[in-house]
Amino acid sequence: MVPRIVLLDRNCELTKLWRQVLAQIPLASETKPLVSEGTLQDFKFDEIATPAAIVSPGNSLGFLGGGFDLALREFFGGLPFERFFRQTLQEVYRPVMVATPVPLQLWAKGGFEYIIHVPTVVEPSAKVCFNEEGSRPSHRPVFDAMWSALNSIPTSVKTLVVPGLCTGYAGVPIDKSCQAMWFAISLFYAKRYISSRLLNVLILRFLGYSYEAFYDLDGLEEECHEVGLNLAQICEFDINESLLTDMIPKIDISKTS
Ligand code: ADP
Ligand code: NA
Ligand code: NA
């Protein structure tokens, strides 16, 4: 069973955008993520399937002093909880965009048994979410953080709660973050139904890569067609110009029609 995703954020511009994108994405009702607008403090924990996990878009040292992490610290038990959390991460440097599930053990609360720690900054004064030219924020770190978190969810977990990634301290514009999060979530659901070759071509093209040796398109056209995609559109995908829906396999739609 794949877990249900709940997107939670107090930034109503972001939740509005999430809803707009969600409306365009073909997912069956049982896999459709829920969008919850508001603070972690006001979140209705009794309405989600448990055990649940919650993503910490943190920093490389595991401190919980700001942004969504501060809300996590306040919710789970203040500074003593932060000490437990950092000790569980062995108080050691964690590279950005690499997810680590932290079992909460005696600190579990509200159905949450894990925090999935994904540093989106090394430390909050330095932004990492920029492309090679160093000026424009890139969508790749957001995709990597979401993909890494999704692929590290412990098997018992039924719900994953996640705030906007890189939309606070990390400084990625909400539209870029929204697209990258949705793309990662859509592929996470679709990956059981498509070949790993198509999955990898979609990810590489979404991120703007097309190194030929990694990128075997032979015979992919037919598979694309089966899931409502067009290989030429995939190959030409550009985050600033193309439609995200051109990149998302129409799995649930084809099954229900
Ligand atoms: P990042 O370093 O990845 O940018 P932040 O923690 O700074 O992470 O922000 C991530 C998101 O968390 C932002 O979109 C922000 O609006 C949201 N956020 C921060 N505090 C809360 C809270 N108490 N409840 C809900 N959302 C929050
Ligand atoms: Na962060
Ligand atoms: Na944070």
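Atoms within each ligand, like the ligands themselves, are counted from 1 in listed order.
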Closest heavy-atom approach to atom 20 (N) of ligand 1 among Arg10, Glu74, Glu37 is made by Arg10

Is there side-chain contact between Ile116 and Leu160, with at least one heavy-atom pair below 4.5 Å? yes

Any N, O or S atom of Asn59 closer than 3.0 Å to the Na ion (ligand 2): no

Contact check: Asp9 vs ligand 1, nitrogen or oxygen atoms, below 3.5 angstrom: yes

Gly168 near the Na ion (ligand 2): N/O/S under 3.0 Å: no

For Ala71, take its heavy atoms, then give the atoms of ligand 1 lying under 4.0 Å from any of them. 23 (N)

Donor-acceptor pair between Lys191 and Asn151 side chains, under 3.5 angstrom: yes

Counting both backbone and side chain atoms, is some N or O of Cys166 under 3.5 Å from an N or O of ligand 1? yes

Candidate pair Phe76 and Ile115, rule side chain to side chain contact (heavy atoms under 4.5 Å, CB included), full reasoning: CA-CA 10 Å; Phe76 285 103; Ile115 289 179; 4.0 Å; yes

Counting each atom of ligand 1 from 1 as listed, which ones have a heavy atom of Ala170 under 4.0 Å away? 1 (P), 2 (O), 4 (O)

Ring centres under 6.0 Å, that's the criterion: do Tyr114 and Phe112 meet it? no

Is there a side-chain contact between Lys109 and Leu104 in this structure, where contact means two heavy atoms from C-beta onward sitting under 4.5 Å apart? no

Are the side chains of Ile203 and Trp147 in contact, using a 4.5 Å heavy-atom criterion? yes

Answer yes or no: does an N/O atom from Val121 fall short of 3.5 Å to an N/O atom of ligand 1? no

What atoms of ligand 1 come within less than 4.0 Å of a heavy atom belonging to Gly164? 10 (C), 11 (C)

Give the numbers and elements of all ligand 1 atoms closer than 4.0 Å to a heavy atom of Thr39. 24 (N), 25 (C)

Taking the Na ion (ligand 2) as the vertex, what is the angle from OG1 of Thr120 to O of Pro57, given to 10 degrees? 90°

Any N/O/S atom from Val121 (main chain or side chain) under 3.0 Å of the Na ion (ligand 2)? no

Would you mind running through ligand 1 and noting each atom that sits below 4.0 Å from a heavy atom of Thr120? 1 (P), 2 (O), 3 (O)

With a cut-off of 4.0 Å, which atoms of ligand 1 are near a heavy atom of Gly67? 6 (O), 19 (C), 20 (N)

Does NZ or CZ of Arg86 lie under 6.0 Å from the centre of the six-membered ring of Phe63, at an angle within 45° of the ring axis? yes

Distance only, no hydrogens: is a donor on one side chain within 3.5 Å (strictly under) of an acceptor on the other, for Glu113 and Ser156? no

Short side-chain donor-acceptor distance under 3.5 Å, Asp69 and Ser56: yes

Polar contacts were defined as any N/O atom of the residue lying under 3.5 Å from an N/O atom of the ligand; does this apply to Gly168 and ligand 1? yes

For a 4.5 angstrom cut-off between non-hydrogen side-chain atoms, does Leu17 reach Ser177? no

Purely on distance, is any nitrogen or oxygen of Thr167 under 3.5 Å from one on ligand 1? yes

I need the atoms of ligand 1 closer than 4.0 Å to a non-hydrogen atom of Gln41, numbered in the order shown. 23 (N)

Under 4.0 angstrom from ligand 1, any heavy atom of Pro124? no

Please name the residue in the list Val227, Leu229, Ile25 that meets the side chain to side chain contact (heavy atoms under 4.5 Å, CB included) test with Lys250. Leu229

